[in-house]
Amino acid sequence: DAFGLPAENAAIQRGVHPRDWTFGNIKVMKEQFRRWGILYDWSKEIASCTPEYYRWNQWLFLRMLERGLAYRKQAPVNWCPSCQTVLANEQVVEGACERCGTAVVQRDLEQWFFRITDYAERLLAGLDALPGWPEKVKTMQRNWIGRSEGAEIDFAVPALGERVTVFTTRPDTLHGATFLVLAPEHPLAARLIAGHPRQAEIEAWIARVRNSPRIEREEEGSAKEGRDTGRTAINPATGEEIPIWLANYVLPDYGSGAIMAVPAHDGRDLAFARQEGLPVRLVYHPDAPDAGAGELDPATLTEPILHTGVIRDSPPLDGLRDGPEAVRRAIAWCEAGGFGRGKVVYRLRDWLISRQRYWGTPIPVLYCERCGVVPVPDDQLPVELPYDVEFTGREGNPLARVASFVEATCPRCGGAARRETDTMDTFVDSSWYYLRFLSPRDAARIFDGAVANRWAPVDQYIGGIEHAILHLLYARFICRVLHDFGLVAFEEPFANLFNQGMITRYSELSGRVEKMSKSRGNTLSPDALIDEMGADTERVYTLFIGPPEKEAEWSDEAVTGAYRFLGRVWRMAEKLADAPAIAPADAELERDRHAAIQRVTHSMETFHFNTAVAALMELGNSLSRALEEKTASRLRCEEAFDTLLQLLHPMAPHVTEELWERRGHVETLLDTSWPEYDEAKLRRARISLVVQIDGKLRDRVEVDAAAADKEVRAAALASAKVQEHLAGKEIAKAVVVPGRLINLVTRRSA
RNA sequence: GCGAAAGUGGCGGAACUGGUAUACGCGCUAGACUUAGGAUCUAGUCCCGAGAAAUCGGGUUGGGGGUUCGAGUCCCCCCUUUCGCACCA
């Protein structure tokens with residue numbers, strides 16, 4: 001991404017403007033790509049930090065705003081009271097500001113969101129129609145969306161004339177709900193504790209919980225803390241009054257931010273009930289208690305009863321076994337009673353796109369005292385980022401201090417208005433950029449829909465596993481939004497997804513093998529390596545190092561293997577002229593050539609580049625041997641060599657193109673078509689066949705490739721070694737695998 | 001804790017649907033050419049035992065069990081590692 005936090009940090013730390021820093025990086029990277037011999041169509045180049053690109057982020061935002069898919073609400077941010085600025089999670093180290101060490105607090109700000117939760121069901125269902133995606137990524141997305149089926153149940157709070165709605169996946173345990181727990185952030189919390197003898201203490205506690213970073217609050221083993229509101233609610237199943245508590249283990253933005261606690265059948269509720277001395281009631285009873293165990297005593301229960309037993313103390317459901325049927329019946333019963341209904345909730349939360357930073361797409365809205373929130377009209381796009389900005393890392397967003405940016409005119413009433421200074425999350429840029437590549441200079445629209453429908457979805461998308469959830473989910477979401485706007489005909493942006501592994505290298509600093517990074521001191525300068533051994537060596541070695549989906553350890557020693565291989569290919573060219581006109585082993589070399597085409601083609605298609613390189617090395621070895629021993633004719637050797645160059649070309653374009661020209665070809669290698677192999681040429685007339693006795697390899701015999709089972713058996717039995725091993729045994733049966741082996745199964749003779 | 005993936009020589013790794021385990025490369029050993037070589041070429045290199053040698057016998061894909069004529073590959077149990085998620089009601 002051309003936008004992003006690192007650019008802004010560079011500005012703060014080194015005084016370089018984010019724009020200059022970014023374009024400097026782009027320049028360096030393009031030069032590296034060029035040296036590597038990586039071919040891109042640079043006429044399609046885009047940079048998301050240019051107004052030509054980000055104006056369409058703004059356009060997209062406005063369309064989403066019109067349809068209610070973009071909205072504003074209060075949401076907490078990490079706030080450093082000393083720097084007076086918002087921090088990203090990665091800038092918070094153990095609860096403190098990474099720069100000044102001050103304890104970070106949570107602070108509510110009005111922020112912009114995209115309503116991705118509206119698309120939760122479609123995003124989930126769409127995963128089933130993505131056979132080209134790794135199962136692992138799909139599982140991660142499913143868990144992230146986190147669909148849960150259950151019920152909403154209303155609990156009346158007579159003292160307030162209100163009701164609390166809880167979400168539960170286990171409405172069948174309603175009879176066992178002995179108290180309610182609300183998130184401290186719950187809207188009713190303030191009214192519930194109003195007038196409580198220790199109201200002030202509870203309010204202070206609520207403030208503390210709200211202030212603790214969410215990461216900390218969700219940490220495993222962090223203590224459950226709660227306060228009794230002193231109020232009660234009515235359990236609609238039993239008519240009983242049950243206490244209402246507030247506790248930090250209930251999260252405000254999942255379900256309804258309130259739960260019914262069923263300590264007998266939930267571990268967290270049981271732990272909390274024991275801690276606070278709250279009652280426990282069993283609904284499910286183990287149906288075959290161990291002899292002597294008799295009735296379970298709720299008072300002594302130490303482990304919740306999970307997924308076992310029969311409902312006993314819940315009259316309408318008595319006798320039901322734990323399971324989906326019990327849940328279904330419970331929901332029907334709640335609905336009939338008018339105090340509950342079936343409900344599906346998602347773990348997925350709306351996408352917070354606001355960033356209180358300079359280096360991003362300005363969110364195109366204005367705040368007018370008279371008209372309120374006013375979208376910037378399309379004809380005033382793009383809202384451009386000003387260049388002259390001061391970066392201090394303190395006192396919030398630098399953009400907010402640029403008067404010429406903030407002070408604006410309301411497009412509706414012409415009065416004074418204040419411009420929004422939040423910028424967009426960079427994931428907005430990357431959620432549709434693949435479409436912009438197809439018509440990058442189109443000044444009239446976000447992209448050309450006809451072109452997009454012809455070329456997209458992307459056939460093969462490649463990226464690291466770190467994007468498994470956020471980027472890929474956002475891109476899938478925005479694709480559906482664009483589809484619903486009628487801009488594209490498809491809903492899934494990437495038909496096939498491949499996750500490449502990272503390159504790791506030994507670090508002198510830590511003494512361990514780690515992901516390459518500057519801070520770990522284990523980076524390898526591609527320039528130095530290219531200077532020493534050439535771009536082709538680096539390319540071939542990188543492909544050869546291992547399967548691309550796995551992480552691979554860079555070995556400075558092993559690179560020489562690739563270097564030597566290319567050197568051998570180079571020297572072979574000079575030996576071609578010495579090959580004889582006529583030679584005995586032409587057929588063999590020809591077969592190796594066709595086998596190499598087959599293997600390399602197949603390996604490349606399945607992304608097994610390491611085995612493709614191995615197959616090329618083998619062809620190189622057999623040609624090299626033929627040249628050394630003069631066993632193949634010059635014509636065959638030249639053919640084999642040319643094929644080798646063609647197959648090697650994608651991996652080592654520089655050396656092969658050079659050698660190709662020296663061979664006297666006029667057309668460049670890049671313009672030749674991929675070689676094809678002939679099945680017939682792969683076959684041998686006579687083959688070496690393995691003879692097994694009781695599954696153990698005993699000998700190899702040479703037979704006709706087309707030999708019948710009977711002949712194979714005769715050939716096997718003719719072997720002296722086989723006869724030796726058969727001594728004293730009788731053949732019970734013979735299994736022949738055509739072209740491969742014969743297995744003689746014996747039994748001891750009497 | 002839940003979920004997923006993976007364990008093969010000294011090392012990176014290969015083995016398409018069950019059919020010659022260890023391809024290819026690194027490293028190592030010996031030799032050749034060399035004033036020299038971190039250049040190049042040749043031969044060897046999973047482990048154990050026997051043999052002067054060619055070779056022969058046995059074993060081996062984290063451990064144990066199973067299916068099969070035959071298992072690195074399929075099934076069950078266990079161990080280890082990596083990754084993802086995690087108070088989600």
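This structure is a prediction, so every number in the text was calculated from the model and none was measured. Chain letters run A, B, ... following the sequence lines, proteins first and then strands; every chain starts at 1.
Taking atom C1' on both G9(B) and G62(B), the two are 15 Å apart, rounded to the nearest angstrom. Comparing C79(B) with A21(B), their P atoms are spaced 31 Å from each other, to the whole Å. For G13(B) and A6(B), the C1' atoms lie 14 Å apart once the distance is rounded to whole Å. Rounded to whole Å, the separation between the C1' atoms of A86(B) and U17(B) comes to 39 Å. Nucleotides U73(B) and G66(B) are separated by 15 Å at their C1' atoms, to the nearest Å. Rounded to the nearest Å, the gap between the P atom of G65(B) and that of C28(B) is 40 Å. Using C1' as the reference atom, A50(B) and C24(B) are 33 Å apart when rounded to the nearest Å. Using atom C1' as the reference point in both C74(B) and U67(B), the two lie 8 Å apart (nearest Å).
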### Task
Dot-bracket for RNA chain B, please, read 5' to 3', with Watson-Crick or G-U wobble pairs under 3.5 Å on both distances, ( ) within the strand, [ ] crossing, | other strand, . unpaired.
(((((((..(((......[....)))((((((.......))))))(((((....)))))..(((((..]....))))))))))))....
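Residue contacts shown for Thr606(A) are absent, as no nucleic acid heavy atom lies under 4.0 Å away. Contact annotation for Asn621(A): backbone-only contact, meaning every heavy-atom pair under 4.0 Å involves sugar-phosphate atoms and none involves a base. Using a 4.0 Å heavy-atom cutoff across all strands shown, Ser555(A) reaches no nucleic acid atom at all.
Protein atom CD of Glu628(A) is 18 Å distant from nucleotide atom P of A32(B), rounded to whole Å. Atom-to-atom, CG of Leu270(A) to C1' of C87(B) comes out at 14 Å; the value is rounded to the nearest Å. Counting to the nearest Å, the C1' atom of G25(B) and the CE atom of Met651(A) are 14 Å from each other. If you measure from atom CG of Asp556(A) to atom C1' of C11(B), you get 14 Å, rounded to the nearest angstrom. When rounded to the nearest whole Å, the span between CD1 of Ile465(A) and P of A6(B) equals 14 Å. Rounding to whole angstrom units, CD1 of residue Ile145(A) and P of C85(B) are separated by 15 Å. What separates NE2 of His186(A) from P of A89(B) is a distance of 17 Å, to the nearest Å. At whole-Å resolution of the value, CD1 in Ile469(A) and C1' in A86(B) are 12 Å apart.
Nearer to the 5' terminus of RNA chain B, by closest-nucleotide assignment, is the contact made by Gly561(A) (compared with the other of Gly561(A) and Ser256(A)). Both Arg170(A) and Met140(A) lie near RNA chain B, and the one whose nearest nucleotide falls closer to the 5' end is Met140(A).
Of the possible donor and acceptor atoms, one in the side chain of His594(A) sits under 3.5 Å from a partner among the backbone N and O of Asp678(A). Checking side-chain atoms of Tyr541(A) against main-chain N and O of Ser555(A) turns up a donor-acceptor pair under 3.5 Å. Proximity of a side-chain donor or acceptor of Asp269(A) to a complementary backbone N or O of Ala264(A) within less than 3.5 Å is not detected. Checking side-chain atoms of Thr178(A) against main-chain N and O of Pro279(A) turns up a donor-acceptor pair under 3.5 Å. Under the 3.5 Å distance criterion, the side-chain polar atoms of His186(A) are left unmatched by any main-chain donor or acceptor of Ala258(A). Distance alone, capped at 3.5 Å, places no donor-acceptor pair between the Glu276(A) side chain and the Ala273(A) backbone. A donor-acceptor pair under 3.5 Å links the side-chain atoms of Arg539(A) to the main chain of Met651(A), judged by distance alone. A distance-only check finds no donor-acceptor pair linking the side chain of Arg684(A) to the backbone of Ala705(A) [under 3.5 Å].
For Lys224(A) against C87(B), a side-chain N or O and a base N or O form a donor-acceptor pair under 3.5 Å.
Distances shown here put a side-chain N or O of Arg564(A) below 4.0 Å from the OP1 or OP2 atom of U40(B). Phosphate contact (OP1/OP2 of C69(B), side-chain N/O of Lys696(A), threshold under 4.0 Å): absent. Residue Ser148(A) places at least one side-chain N or O under 4.0 Å from the OP1 or OP2 atom of A89(B). For Arg142(A) and C85(B), the shortest distance from a side-chain N or O to OP1 or OP2 is not below 4.0 Å.
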Please enumerate all protein N or O atoms sitting under 3.5 Å from an N or O of nucleotides 54-57 of chain B, with distances to 0.1 Å.
{"unit_1": "C56(B)", "atom_1": "OP1", "unit_2": "Lys721(A)", "atom_2": "NZ", "d": "2.9"}
{"unit_1": "G57(B)", "atom_1": "OP1", "unit_2": "His725(A)", "atom_2": "NE2", "d": "2.8"}

### Query
Once each nucleotide of nucleotides 12-20 of chain B is scored for protein heavy atoms under 4.0 Å, what B/S/- sequence comes out, 5' to 3'?
BSS-B--BB
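Base orientation of G9(B): syn, since the glycosidic angle falls within 90° of 0.
Put simply, the residue from Leu124(A), Leu123(A), Asp118(A) that forms a side-chain contact (heavy atoms from CB on, under 4.5 Å) with Glu121(A) is Leu124(A).
Side-chain atoms of Arg593(A) and Thr643(A) form a donor-acceptor pair, as typed in the model, at a separation below 3.5 Å. Inspection of the Ser603(A) and Thr611(A) side chains reveals an N or O donor paired with an N or O acceptor under 3.5 Å.
Around the CZ atom of Arg698(A), the shell of radius 6.0 Å holds more than 12 heavy atoms that belong to other residues, nucleotides or ligands.
Taking the six-membered ring for Trp and thresholds of 30 and 60 degrees, Trp351(A) and Tyr474(A) have nearly parallel ring planes, at less than 30 degrees apart. Taking the six-membered ring for Trp and thresholds of 30 and 60 degrees, Phe272(A) and Trp245(A) have ring planes more than 60 degrees apart, a perpendicular arrangement.
Side-chain proximity of Arg571(A) to A86(B), U40(B), G3(B): nearest is U40(B). Listed candidates were C41(B), G59(B), C26(B). Nearest to the side chain of Glu557(A) is C26(B). Checked against C69(B), C26(B), G3(B), the side chain of Lys733(A) finds its nearest nucleotide in C69(B).
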